[in-house]
Amino acid sequence: MEELNPSELLKQRLQKLNNIKSLGIEPYPNLFEKEKTISQITKEYFSSESVPEVSDVKIAGRITAKRPMGKAGFLQITDISGKMQVYANDKTLPSEEHEVFMELDIGDIIGALGEPFRTKTGEASIRAREIKLLAKNLSPIPVVKEKDGKVFDAFADIETRYRQRYLDLIVNSEVRNTFLMRSKIISEIRDFMNSKGFLEVETPMMQSIASGAAAKPFKTHHNALDIPLFMRIAPELYLKRLLVGGFEKVYELNRNFRNEGISTKHNPEFTMMEVYQAYADYSHMMKLVEDLFLRLAEKVAGGHEVKYGEHTISFKTPWPQKTYLGIIKEKTNIDFSVYLGNENPPLEEAKKHAEAVGVDTKKCAEFWEVVDEVFSEKVENELIQPIFITEYPKAMSPLSKNIPGNPHLVERFEPYIVGREMGNAFSELNDPIEQNERFKQQLQLKAEGAHETIEMDEDYIEALKVGMPPAGGLGIGIDRLVMLFTNSSSIKDVILFPLLRPKA
RNA sequence: GAGGCGCUAGCUCAGACGGUAGAGCAACUGCCUUUUAAGCAGUGGGUCCCGGGUUCGAUCCCCGGGCGCCUCACCA
């Protein structure tokens with residue numbers, strides 16, 4: 001029990017708990033079998049004016065409002081599907097249960113059995129002839145009131161909402177809806193992928209080399225082997241080992257971990273889907289992305305349009321395409337393509353161009369970092385409607401395959417929606433000798449001070465030497481996708497328990 | 001990591017030349033047997049985020065710290 005300074009509220013609740021026990025009633029019974037949700041009951045008994053005559057409707061959920069009147073009273077019960085009133089008085093209930101009924105609190109979980117009826121104002125209700133306490137609430141929940149769509153005394157403190165998400169879920173129905181939607185979206189994605197013949201697989205979350213992306217990993221240690229391990233920053237290289245192994249269409253939908261900042265768009269653990277298809281290339285991945293987003297829009301929003309903030313996003317296919325360097329030129333008039341053939345493109349010149357259009361390049365240590373800075377400052381935010389940005393410089397894409405006949409550009413695209421990168425895809429580099437060279441170039445760039453580079457993975461080169469079929473690959477950030485389809489502005493609003501610093 | 005803002009009752013928030021605080025809801029007591037932001041009457045409840053300084057006196061002023069939010073940086 002509570003040791004230190006039980007609050008007055010807690011003392012009162014504990015007193016009630018004892019009262020209930022002294023009546024011989026178990027305040028935390030083992031089981032109450034719920035047969036129907038509130039919305040099912042509503043549909044079944046209250047879809048017309050006249051309520052069918054039955055006496056044994058069973059309802060269970062949490063008390064979220066209480067309107068007592070003398071020896072009678074109404075309780076508002078909320079379950080996962082909705083809300084319903086339960087009415088009882090000293091005639092409808094046995095005397096002992098009536099005694100408990102009178103003592104019930106907002107926050108208690110109860111089950112009730114009784115006949116459905118409409119009150120004189122027409123509200124769907126249950127007249128209880130049996131009420132069972134299922135869990136006594138000792139720590140009061142926020143009480144939110146509502147009238148005509150207007151919310152009073154909203155539970156709004158963001159920090160408490162995230163730290164005690166269960167209260168947020170109990171009290172704020174739009175939060176509950178967002179997470180119901182998240183589950184639905186993820187399940188739709190799996191259905192979609194499975195229906196296209198992709199196999200869902202699981203590859204290591206703990207890896208001895210954190211490669212496959214450019215990011216800082218979390219480090220841990222395995223005691224028995226006495227080796228360092230890293231939480232994965234991407235499953236990419238393992239999934240491609242599976243292509244070597246003969247699987248032809250695989251995907252993994254699970255967590256990645258990156259030891260980087262926290263923001264409205266970043267959580268250290270986030271959900272990613274990666275897809276690999278052998279005997280395909282990036283154009284197949286484009287089609288897959290278009291079809292997937294359109295299907296999600298149809299399932300979630302009932303059409304090809306989704307509202308996000310002030311924007312209405314249309315997922316009609318096909319999406320437009322623009323090349324990476326082309327759109328930079330279009331928006332800034334800087335033509336970086338003239339440097340493509342240059343082995344060592346001049347950093348200072350890039351900075352001069354960038355600064356001329358007002359881009360701060362202080363942090364950039366390398367030519368292509370400057371280019372990418374220009375892209376994110378001057379282009380990204382304007383890509384509201386779905387678009388594919390294509391043809392990335394090879395130097396920025398160490399795992400992708402060249403465009404045939406073009407040694408400087410790779411077959412790669414990134415889908416952008418509402419100014420955000422939603423994914424990354426390319427034709428997978430399967431030449432082990434070239435891949436080895438690309439890893440080495442990454443090491444070189446790192447030595448020159450580039451901030452994020454991809455780690456060398458020699459074991460992966462070994463796999464490629466066995467032979468990987470030509471393939472297209474795709475990664476999609478699922479949290480951001482869910483943000484888009486749930487009209488959420490912070491990633492914390494689509495992650496049930498976002499990382500927060502522990503309360504001291 | 002930097003800057004800005006915030007932290008007062010269980011919840012939402014007021015407030016005070018610096019003299020240890022208040023409302024609504026929730027809770028408690030009484031009345032009320034179809035209410036629905038139920039109603040009426042009454043009652044209780046606070047280390048005013050933490051620590052230090054100034055002061056006769058700090059929740060308020062100053063300094064330091066904690067946590068959060070927003071913006072920026074990095075990425076997805």
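Not less than 6.0 angstrom separates the ring centroid of Y276(A) from the ring centroid of Y238(A). Between W319(A) and F293(A), the ring centre distance stays below 6.0 Å. Annotation: Y324(A) is in aromatic contact with F375(A) [ring centroid separation under 6.0 Å]. Between Y282(A) and F426(A), the distance from one ring center to the other does not fall under 6.0 angstrom.
Among the atoms of the strands shown, none is found under 4.0 Å from any heavy atom of Q15(A). Here K492(A) lies in heavy-atom contact (under 4.0 Å) with sugar-phosphate atoms only. Using a 4.0 Å heavy-atom criterion, one finds that Q76(A) contacts no nucleic acid atom at all. Within the nucleic acid shown, S263(A) comes within 4.0 Å of at least one base atom, counting heavy atoms only. Across all strands, K150(A) comes closer than 4.0 Å to no nucleic acid atom at all (heavy-atom distances). Contact annotation for A215(A): no contact, since no heavy-atom pair falls under 4.0 Å across all strands. Note on F155(A): only backbone sugar-phosphate atoms sit closer than 4.0 angstrom, heavy atoms only; bases stay farther off. Here G477(A) lies out of heavy-atom contact (under 4.0 Å) with every strand. In this structure, E123(A) reaches the bases: a heavy-atom distance under 4.0 Å links it to at least one base atom across the strands shown. At a threshold of 4.0 angstrom between heavy atoms, the contacts of N267(A) include nucleobase atoms, whether or not backbone atoms are also involved. Note on M272(A): nothing from the nucleic acid sits closer than 4.0 angstrom, heavy atoms only. Using a 4.0 Å heavy-atom criterion, one finds that L500(A) contacts the sugar-phosphate atoms exclusively. Heavy atoms of R118(A) sit nowhere under 4.0 angstrom from any nucleic acid atom. As judged by a 4.0 angstrom heavy-atom cut-off over every strand, E373(A) is placed among residues touching the sugar-phosphate backbone only.
One atom, CD of E159(A), and another, P of rG66(B), lie 14 Å apart when rounded to the nearest Å. Computed from coordinates, the K66(A) NZ to rU35(B) P distance equals 18 Å when rounded to whole Å. If you measure from atom NZ of K147(A) to atom P of rC25(B), you get 15 Å, rounded to the nearest angstrom. As rounded to whole Å, 24 Å separates atom P of rU33(B) from atom CZ of R129(A). Residue L9(A) contributes atom CG, which lies 9 Å from atom C1' of rA9(B) at whole-angstrom precision. As rounded to whole Å, 16 Å separates atom C1' of rC74(B) from atom CG of N424(A). Distance CZ (R67(A)) to P (rU33(B)): 17 Å, rounded to an integer number of Å. We find that NZ of K71(A) is positioned 19 Å from P of rU35(B), with the value rounded to whole Å.
Figure legend. rC25(B) is base-paired to rG10(B); pairs are counted as Watson-Crick or G-U wobble with both atom distances under 3.5 Å. Nucleotide rU54(B): unpaired (no Watson-Crick or G-U wobble partner with both distances less than 3.5 Å). Summarising the base pairing, rC69(B) is matched to rG4(B) through a Watson-Crick or G-U wobble pair whose two defining distances lie under 3.5 Å. Under the Watson-Crick or G-U wobble criterion, with both distances below 3.5 Å, rC60(B) is left unpaired in every strand shown.
Contact between the side-chain N/O atoms of R258(A) and the OP1/OP2 oxygens of rC75(B) is not found at any separation under 4.0 Å. The side chain of K16(A) contributes an N or O atom lying less than 4.0 Å from OP1 or OP2 of rC28(B). Contact annotation: K216(A) side-chain N/O to rC74(B) OP1/OP2 distance is not under 4.0 Å. Regarding contacts with the backbone of rA38(B), a side-chain N or O of K145(A) is found under 4.0 angstrom from either OP1 or OP2.
Salt bridge E421(A)/K265(A): absent, no basic N to carboxylate O contact under 4.0 Å. K287(A) has a carboxylate O that lies under 4.0 Å from a charged side-chain N of D291(A), or vice versa, which qualifies the two as a salt bridge. The pair E130(A)-K132(A) fails the salt-bridge criterion, with no side-chain N (NZ, NE, NH1 or NH2) lying under 4.0 Å from an Asp/Glu carboxylate O.
Between the side chain of D90(A) and the base of rU33(B), a donor-acceptor pair under 3.5 Å is found. In the interface, the side chain of Q85(A) is not paired with the base of rU34(B) through any donor and acceptor atom under 3.5 Å apart. Interface remark: the K91(A) side chain does form a donor-acceptor pair with the rU33(B) base, using a distance-only criterion of under 3.5 Å.
In this structure, the nucleotide among rU35(B), rA73(B), rC25(B) sitting nearest to the side chain of D153(A) is rC25(B). If you check rU34(B), rG68(B), rU71(B) against the side chain of F117(A), the one that comes closest is rU34(B). When each of rU35(B), rC69(B), rC67(B) is scored by its nearest atom to the side-chain atoms of R501(A), the top-ranked nucleotide is rC67(B).
To the nearest whole angstrom, the two P atoms, one in rC31(B) and one in rG46(B), are 28 Å apart.
Judged by the 6.0 Å and 45° rule, R127(A) forms a cation-pi pair with F117(A).
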